[in-house]
Amino acid sequence: DSLFVFQRSAAEHIINKGRCAGFLDTGLGKTLIELVMAVNYVRHTNKPVLILTPLAVAFQFIKEAEKFGIDDIEYSKDGKFKKKIVVANYERLHHFNAHDFDCVITDESSILKNFDGAIKNQITGFIKKVKYRGLFTATPSPNDFVELGTSSEALGYLGYTDMLTKFFTNNEDTISPQNIGTEWILKGHAKENFFKWVSS
C-alpha cells in the first residue's frame, strides 16, 4: 500500500514477468520495489528469496524493510539463514546454494559488467539455476551494450555473445573474447529489432 502508482506499476510488471530488469533511476524506490517483489515471491513459492547487494548496501534493505513492516528478513554472510528474505553481499555468494531459492534479486546489477570474468560467471551461473530473477540498477545505459548483454544473459534470455552476433558489427569483424574492448557498432538494418528486443 505504500507504493506510489508508478512503483506499483513497475512492481506488478516485474513480478508478473518473473525474469525482468528493473532499470529505475536514483530515488525512484528500487529498494522498496525489490522488497515487494521478494514478499510476493515468498508468498507464491513459500521458499526463501535471496537479495544480492554490493557491500555497503545490505543494511539499507534491513532498515527499509523495518520501515515498511517487513520483518521476515535477515542479513547472512555465511550462507546460513532462518528467515524467508535473505540479504547478502555479492562477495559472499559462494556460501549459498542456488537450489535453496526460487527467486534471486540483484541490487545494483550493473556491477555485473564491472566484475572480472570469474566472479561475473559465478553470479550469472548461480542466478541461472533459479526460476525467478530480478535485476535492478539505476545506472543502465542504452548505449552500454556490454551491460545490456550481461543483464540479458543473467536473466536467461539472449546471451551476450549471441546479442553481439545478432545486432552488432565491429571493425575487427570478430567476436573473439580478446577483442572485448573493441568498439561495437549497431548494424543499420538491426536497429529497430534491437530496441524492440531491449524493450522486451
Side-chain angles (χ1 to χ4, degrees), residues 10-24 30-55 57-62 64-65 70 72-140 146-163 197-198 200:
E12 286 177 354
H13 174 76
I14 292 162
I15 291 164
N16 288 328
K17 189 153 175 80
R19 287 183 287 134
C20 192
F23 292 160
L24 298 154
K30 280 184 307 304
T31 303
L32 181 55
I33 293 169
E34 290 171 58
L35 289 167
V36 167
M37 181 180 183
V39 167
N40 275 272
Y41 276 109
V42 166
R43 286 182 191 153
H44 178 70
T45 66
N46 200 30
K47 284 187 80 172
V49 170
L50 179 63
I51 300 175
L52 293 170
T53 74
L55 207 52
V57 180
F59 292 101
Q60 177 186 328
F61 273 86
I62 306 299
E64 194 82 356
I70 300 168
D72 198 5
I73 186 169
E74 68 181 305
Y75 173 73
S76 174
K77 58 182 181 181
D78 59 5
K80 295 176 183 152
F81 54 90
K82 293 179 181 168
K83 301 206 172 180
K84 290 284 189 171
I85 301 172
V86 184
V87 181
N89 304 122
Y90 284 106
E91 294 82 0
R92 303 272 181 187
L93 184 60
H94 62 281
H95 292 295
F96 293 87
N97 183 338
H99 301 294
D100 290 338
F101 305 95
D102 267 355
C103 179
V104 173
I105 297 167
T106 60
D107 186 63
E108 303 296 347
S109 64
S110 60
I111 204 168
L112 285 174
K113 71 173 183 174
N114 297 325
F115 272 127
D116 66 43
I119 296 173
K120 181 187 74 93
N121 291 339
Q122 177 195 16
I123 294 166
T124 302
F126 185 97
I127 293 170
K128 282 183 173 181
K129 294 175 188 166
V130 178
K131 184 174 182 180
Y132 303 111
R133 306 167 212 166
L135 271 58
F136 289 83
T137 183
T139 56
V146 173
E147 183 170 349
L148 292 171
T150 55
S151 295
S152 175
E153 192 168 325
L155 288 168
Y157 298 117
L158 194 60
Y160 172 62
T161 306
D162 297 326
M163 177 199 75
W197 170 74
V198 170
S200 73

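Numbering starts at 1 and runs along the sequence shown.
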- With sequence neighbours left out, what residues match Glu64 under side-chain contact (heavy atoms from CB on, under 4.5 Å)? Thr31, Leu32, Leu35, Lys67, Phe68
- Note on the structure: Here the pair of heavy atoms bringing Ile14 nearest to Cys20 is CG1-SG, 3.9 Å
- Task: Please check if the side chain of Lys47 supplies one atom and the backbone of His99 the other of a donor-acceptor pair under 3.5 Å.
- Result: yes
- Determine whether Val87 and Phe59 make a side-chain contact, defined as any pair of heavy atoms from C-beta on separated by less than 4.5 Å. no
- Closest approach of Ile73 to Ala65 (non-hydrogen atoms, all atoms of both residues): CG2-CB, 3.8 Å
- Query: Is there a donor-acceptor contact under 3.5 Å from the side chain of Asp162 to the main chain of Leu158?
  - Reply: no
- Note on the structure: On a heavy-atom basis, the closest approach of Arg92 and Phe96 is O-CD1, 3.4 Å
- Message: Is it the case that the side chain of Asp78 and the backbone of Lys80 share a donor-acceptor pair, with hydrogens and angles ignored and the cut-off at 3.5 Å?
- Response: yes
Considering only distance and modelled atom types, tabulate donor-acceptor pairs under 3.5 Å from the side chains of residues 126-135, sequence neighbours left out.
unit_1, atom_1, unit_2, atom_2, d
Arg133, NE, Ile127, O, 3.2
Arg133, NE, Val130, O, 2.8
Arg133, NH1, Ala154, O, 3.2
Arg133, NH1, Leu155, O, 2.8
Arg133, NH2, Lys128, O, 3.3
Arg133, NH2, Val130, O, 3.2

- Message: I'd like to check Phe23 versus Leu148 (side-chain heavy atoms, cut-off strictly below 4.5 Å). Are they in contact?
- Response: yes
- Message: Donor-acceptor check, side chain of Tyr41 to backbone of Ile15, threshold 3.5 angstrom: yes or no?
- Response: yes
- With Asn46 via side-chain contact (heavy atoms from CB on, under 4.5 Å) - residues at least two apart: Lys84
- Atom pair OG (Ser76) and CD1 (Ile51), whose distance is rounded to the nearest 0.5 Å: 13.0 Å
- Note on the structure: Closest heavy-atom pair, Met37 versus Phe136, reported as atoms and distance to 0.1 Å, is SD-CE1, 3.9 Å
- Main-chain N/O of Leu52 paired with Asp107 side-chain donor or acceptor, under 3.5 Å: no
- Euclidean distance, Phe61 CZ relative to Ile85 CD1, rounded to 0.5 Å: 10.5 Å
- Item | Exam field: side chain Ser200 to backbone Trp197, donor-acceptor pair closer than 3.5 Å | yes
- Item | Ala10 to Ile33 - nearest heavy-atom pair and separation | CB-CD1, 4.2 Å
- Might you point out which heavy atoms bring Ala88 and Leu50 nearest each other, and give the distance in Å? CB-CD1, 4.1 Å
- Query: Could you give the distance from CD (Gln122) to NE2 (His94), rounded to the nearest 0.5 Å?
  - Reply: 7.5 Å
- Message: Within the structure provided, determine whether Tyr160 and Ser152 are in side-chain contact (heavy-atom separation under 4.5 Å).
- Response: no
